[in-house]
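Written out below as structure tokens is the structure these notes cover.
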Amino acid sequence: MSNLINEAKRMQHLAGIITESQLNEELKAEDIKIGGFYVAQMPTSNDGQERIDVKVRVLAQDKNDAESFTVEALEDKDYVNPVSKQQNRYKKGDHYNTQAKFLKPDVRESLDIEEVVNEALKAVRK
């Protein structure tokens, strides 16, 4: 359901109903669905300041930290660590940990157009 809400928000933004900042609000941990498809902003630097987008599927929530999740990369993504200049890769099928604040919905993987349109129309009618 959260993916539908986020896609409806994207459509509202395209229609000029909501602002860019309203569109880019962070997901909360309770909005993240186990088994759902997301785009994770994965770190490329040791300090976590530099990041790249990687398509992932959420596998589990950390039992000790409700804001952290184990994700599986759905694509290979190469990057260069900006400090060490070392070439690295996020590998398809490998598992990584990330926090909820670094996950964004990937509506292309789990999109039901009819439901999204209905949600957007309801929002516009309000």
Side-chain angles (χ1 to χ4, degrees):
M1 184 58 135
S2 65
N3 279 343
L4 294 176
I5 293 168
N6 288 313
E7 182 60 9
K9 286 174 63 176
R10 188 182 72 77
M11 292 176 75
Q12 289 173 333
H13 177 258
L14 291 173
I17 297 168
I18 63 173
T19 65
E20 183 80 19
S21 62
Q22 289 171 313
L23 174 68
N24 292 325
E25 290 176 351
E26 292 179 357
L27 284 176
K28 293 180 176 65
E30 59 266 16
D31 296 332
I32 295 172
K33 182 175 139 185
I34 304 302
F37 297 95
Y38 297 87
V39 175
Q41 297 170 335
M42 302 297 284
T44 60
S45 61
N46 296 342
D47 63 3
Q49 296 298 316
E50 302 289 327
R51 295 182 172 271
I52 60 169
D53 289 346
V54 179
K55 291 181 186 180
V56 299
R57 182 169 56 101
V58 174
L59 299 177
Q61 188 171 26
D62 189 315
K63 293 179 183 177
N64 298 319
D65 180 5
E67 292 292 319
S68 294
F69 295 86
T70 300
V71 297
E72 175 185 25
L74 299 176
E75 62 183 343
D76 288 334
K77 197 73 160 224
D78 293 329
Y79 66 93
V80 175
N81 184 307
V83 175
S84 69
K85 306 297 184 209
Q86 183 177 4
Q87 179 80 24
N88 291 307
R89 169 182 279 187
Y90 285 107
K91 295 179 185 174
K92 180 179 180 177
D94 282 0
H95 298 177
Y96 303 95
N97 292 322
T98 190
Q99 293 179 334
K101 69 180 180 178
F102 295 117
L103 291 172
K104 304 291 181 207
D106 184 5
V107 295
R108 295 167 291 185
E109 294 291 338
S110 55
L111 186 60
D112 180 341
I113 296 296
E114 187 175 327
E115 286 187 50
V116 169
V117 169
N118 287 338
E119 290 290 327
L121 288 173
K122 286 179 192 174
V124 170
R125 289 183 188 134
K126 288 182 183 178

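- Between the NZ atom of Lys92 and the NZ atom of Lys77 there is a distance of 13.5 Å, given to the nearest 0.5 Å.
- The two residues Ile34 and Leu59 have their closest heavy-atom pair at CG2-O, 3.2 Å.
- Residue pairs that meet the ring pair (Phe, Tyr, Trp, His ring centres under 6.0 Å) test with at least one member in residues 40-77, sequence neighbours left out, do not exist here.
- Put simply, CD on Gln87 and OH on Tyr79 are 9.5 Å apart, with the number rounded to the nearest 0.5 Å.
- Residues Ile32 and Leu103 are in side-chain contact: their nearest non-hydrogen atoms beyond the backbone lie under 4.5 Å apart.
- Here CZ of Arg57 is found 7.5 Å from NE2 of His95. Values are rounded to the nearest 0.5 Å.
- Residues satisfying the side chain to side chain contact (heavy atoms under 4.5 Å, CB included) test with Lys91, not counting sequence neighbours, are Asp76, Arg89, Asp94, Tyr96.
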When the side chains of residues 44-52 are checked against the rest of the protein, which donor-acceptor pairs come out under 3.5 Å, sequence neighbours left out?
unit_1	atom_1	unit_2	atom_2	d
Thr44	OG1	Glu50	O	3.2
Ser45	OG	Asp47	OD1	2.7
Ser45	OG	Gly48	N	3.4
Ser45	OG	Gln49	N	3.3
Ser45	OG	Glu50	N	3.1
Asn46	OD1	Asn81	ND2	3.2
Asp47	OD1	Gln49	N	2.9
Arg51	NE	Gly48	O	3.1
Arg51	NH1	Gln41	O	2.6

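- A pairwise comparison of heavy atoms in Ala73 and Val56 identifies CA-CG1, 4.1 Å as the closest pair.
- Among all heavy-atom pairs drawn from Ala66 and Gln61, the shortest one is O-NE2, 2.6 Å.
- Contact annotation: the side chain of Tyr38 approaches that of Lys33 to within less than 4.5 Å [non-hydrogen atoms, C-beta and beyond].
- Applying the salt bridge (Lys or Arg N to Asp or Glu O under 4.0 Å) test to residues at least two apart or on different chains, none of the pairs has a partner in residues 59-71.
- Side chains of Asn97 and Thr70: a donor-acceptor N/O pair is present below 3.5 angstrom, by distance only.
- Rounding to the nearest 0.5 Å places CG of Asp53 at 11.5 Å from CZ of Phe102.
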